[in-house]
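No hydrogens, no waters, no symmetry mates; every other heavy atom, side chains included, goes into these values. Only a predicted model underlies this, so the values are computations on that prediction, with no experimental measurement involved.
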Amino acid sequence: MSDPAPSTSPDNHTRDSDDAARGGPSRRSMLAATAGLTVSMSGCIREVRSIVNRDEVAPLSLTISTVPADGDRESIQLARAVGSALESVGADIAIDMLSQEEFQRAILVNHDFDLYVGPHPGDTTPDFLYELLHSRFAEEAGWQNPFGLTNLAIDDRLDEQRVATGVAADADGNGNGNGNGDEGENGDENETSDREDAITATLETVAREQPFVPICRPTEIRLARSDRFQGWGEGHPATRFGYLGLEPQSDGASAELRAVHTDARPSQNLNPLSAEYRERGLSTELLYDSLAVAQWRGAGDRESETDTATDVSPWLASDWEWSDDDTLLVTLREDCEFHDGTRLTAEDVAFTYEFLADTTRGSRRFAAPAPHYRGRVAAVDDVTDLSETELEFTVAASQPVAERALEVPILPKHIWDERTDQASLRGVTVSEGTTEALVTDNVPAIGSGPYQFDERTDRDHLTLARFDAHFTRRDGVDLPEPTSEHLRIQIDPRSTSAIELVESDSADVTSSPLESYVVDDVFEDDEAISETTVLESPSWSFYHIGFNTRRAPLSNPRFRRVVARLLDKEQLVEEVFHGHAQPIATPVVEEWVPDSLAWNGSDPETPFFGTDGELDVAAARDAFEDAGLRYDDDGRLRVRH
């Protein structure tokens, strides 16, 4: 239908008619043209937006964080092996070497990484996986879920094993008790099976999801002088028991026990809560008492010579008993005090558990839990001091798991209660929730342990003095007491020079595990030098690859499984650790490894793509494509960011 003819009436006078009169294009025609252009452009814009708004698909580029060779020779070699394998299948790889403090801060505090390679301190029982992997800890600092993993299936398994009752059976079918020799009503076979089954299910789920790739468990080798002290090896040298109760062989030995340590951090920071400075807690175990201590073969249980890693026995606590499944009554030893002479009471113990759960003590809108020991105290709902020496713990876990919560260091309230404020430093922005307690170097440390702080020089030494008032020095206490008047921990970053100090009688023991490449030489020297002895100790630490699952494609469990299959763990043990390690498929100590995850010459869950260290690149590339990734025409692995 044609438009009506323009009216000549003034009332109907329009701009179109004026335009027509001027001989130019009418507004109607302009509008019509514009409308057509708009329609035309809308199509283009949609197309443009369709192109521009698609997420970028780009070659996969990853950075592997680790420490340099002078910090951990094995870590950097493993990182290079991982990087080489990933490059061979089409990924762009960079390796970022950081100092120990920077590495720990990047991984454990700031979560600023793609992948990392390094050791995990591990634990003697599988429950450490709860704090390592549960999604409730994904935003916290420390070894609480640094991967940012959020997986309901794993959460469910972790929750189930945490409350499952029963204890592990040893090779003879006997359950391991709580250190008091009281199996109680939880020691029957059915309950033992419940907990073991729950732990097996947890380990199998974790192995399937591969939130991290466990690589191997190193053999711990140290060197000690047998002419200065006897008793080496009766206590595990990664714990306080390795340095208590030794028998001096001379007056000079009773005056000073000389250790040489390859990690300088104990000379810099004595904060037991620090994520950047604490892995194992040797120095803090000597400075701070805990209510209970874990047993380990060669770790101080000299009477029963237990061969398990699960027993917990009284230390600062004289005893404890369960009044019901959820309530633990703990009694402290009488008349204990801190190194500054302040009396240690049940109030300090109750404060410690509250403080570790929230170092703000409720003064801020959200809690700031301690990076260390957080997972352990999570098993405790409440602690009430009933008297100066009696406490009641209300727990939300099985008895074996809850008793592990008794291993945390007891803090003096009169010192740490003043560290609840937000940390501040002029000119520096400090993250919300960072309290003074989390960043203080805590020098001098005031604990109640068998040794007290004496002096230190940064990166040179830390010297502790015997605490004469410690309960282990009392008559009638059957626990190892301080070996010498002083314990000097000298810092030497190299294993080779640390060995020389022991062999030349300038040190009594290498308190850090020796690097693998020197171990064979140590054994040879030990045969030639009668005054030295090699200490070979079981280990619960393990090397691993950690994935930041907050980032793609690291969030994809299929991708992680393929990465795990790029590694020939047996070959790495031979080449990197010179055979002084055991390849592993699951990170728990041997007594907890289920048959389904036992090493059988290969990883039973993620077997190597290849043979004898030679990677089958074609098979690995096919696996990445099966995992949902694609390759570009140049053979580069691509990922959608």
Listed partners of S530 passing side chain to side chain contact (heavy atoms under 4.5 Å, CB included), at least two apart: none

Minimum-distance pair of heavy atoms, taken over all atoms of V589 and W540: CG1-CB, 3.6 Å

Sequence-distant partners of D127, salt bridge (Lys or Arg N to Asp or Glu O under 4.0 Å), two or more places apart: R162, R404

Listed partners of T510 passing side chain to side chain donor-acceptor pair (under 3.5 Å), at least two apart: none

Greater than 12 external heavy atoms within 6.0 Å of N600's CG: yes

Minimum heavy-atom distance between L129 and P587, given as atom pair plus value: CD2-CG, 4.0 Å

Exam field: side chain N271 to backbone N442, donor-acceptor pair closer than 3.5 Å: no

R459/E101 salt bridge by N-O under 4.0 Å criterion: yes

Any side-chain heavy-atom pair of Y543 and V573 under 4.5 Å: no

Nearest-0.5 Å distance that lies between atom OG1 in T533 and atom CZ in F229: 14.5 Å

Side-chain (E256) to main-chain (S484) donor-acceptor, under 3.5 angstrom: no

Nearest-0.5 Å distance, CG of residue L316 to CG of residue L332: 5.5 Å

By side chain to side chain contact (heavy atoms under 4.5 Å, CB included) - contacts of A564 (at least two apart): Q210, V213, T606

Intermediate values then yes/no, side-chain contact (heavy atoms from CB on, under 4.5 Å), I221 and F523: CA-CA 10 Å; I221 303 294; F523 279 109; 4.1 Å; yes

Gap between atom CG of L244 and atom OG1 of T483 - 0.5 Å precision: 6.0 Å

Non-neighbouring partners of R225 that pass side chain to side chain donor-acceptor pair (under 3.5 Å), sequence neighbours left out: D227, D505

Any donor-acceptor pair under 3.5 Å from K569 side chain to P214 backbone: yes

Sub-4.5 Å side-chain heavy-atom contact between F212 and H120: no

Non-hydrogen side-chain atoms of D508 and L246 separated by less than 4.5 Å: no

Any V293 side-chain heavy atom under 4.5 Å of F241 side chain: yes

Partner of S516 under side chain to side chain donor-acceptor pair (under 3.5 Å), chosen from H580, H578, E74: E74

Side-chain heavy-atom pair R228, R258 within 4.5 angstrom cut-off: yes

Under the side chain to side chain contact (heavy atoms under 4.5 Å, CB included) test, residues paired with E276 that sit two or more places apart: Q104, R105, V109, S274

Check against side-chain contact (heavy atoms from CB on, under 4.5 Å), V534 and L223: CA-CA 5 Å; V534 175; L223 186 66; 4.1 Å; yes

Side chains of D123 and W143 in contact at under 4.5 Å (non-hydrogen atoms): no

Any donor-acceptor pair under 3.5 Å from R240 side chain to Y288 backbone: yes

Atom pair CH2/CD of W592 and Q161 - distance to nearest 0.5 Å: 9.0 Å

F547 and V563, any side-chain heavy atoms less than 4.5 Å apart: yes

P314 backbone acceptor or donor facing D319 side chain under 3.5 Å: no

Side-chain H-bond candidate by donor/acceptor type, T262 with S512, under 3.5 Å: yes

Donor-acceptor under 3.5 Å (T352 side chain, L411 main chain): yes

No-hydrogen, no-angle side-chain donor-acceptor test under 3.5 Å, D460 and T457: no

Carboxylate-amine/guanidinium contact R333 D289, below 4.0 Å: no

T66 side chain vs V117 backbone, donor-acceptor pair below 3.5 Å: yes

Test item: D468 and R473 side chains (from C-beta on) under 4.5 Å apart, heavy atoms: yes

F137 and R374: CA distance, side-chain angles, deciding distance, side-chain contact (heavy atoms from CB on, under 4.5 Å) verdict: CA-CA 9 Å; F137 301 127; R374 165 73 166 119; 3.9 Å; yes

Aromatic ring pairing H544/F147, orientation class (parallel under 30°, perpendicular over 60°, tilted between): perpendicular

Separation of L286 CG from R466 CZ (nearest 0.5 Å): 14.0 Å

Cation-pi, W232 ring and R222 (6.0 angstrom, 45 degrees): no

Main-chain N/O of A238 paired with H236 side-chain donor or acceptor, under 3.5 Å: yes

Salt-bridge contact D458-R456 (side-chain N to carboxylate O under 4.0 Å): no

Aromatic ring pairing F542/F128, orientation class (parallel under 30°, perpendicular over 60°, tilted between): tilted

Shortest non-hydrogen contact between L464 and Y451, atoms and distance: CB-CB, 3.8 Å

Q249 side chain vs E247 backbone, donor-acceptor pair below 3.5 Å: yes

Closest heavy-atom pair and its distance - A437, W416: O-CZ3, 3.7 Å

Any donor-acceptor pair under 3.5 Å from S511 side chain to V260 backbone: yes

CZ-OH distance between F577 and Y517, expressed to the nearest 0.5 angstrom: 14.0 Å

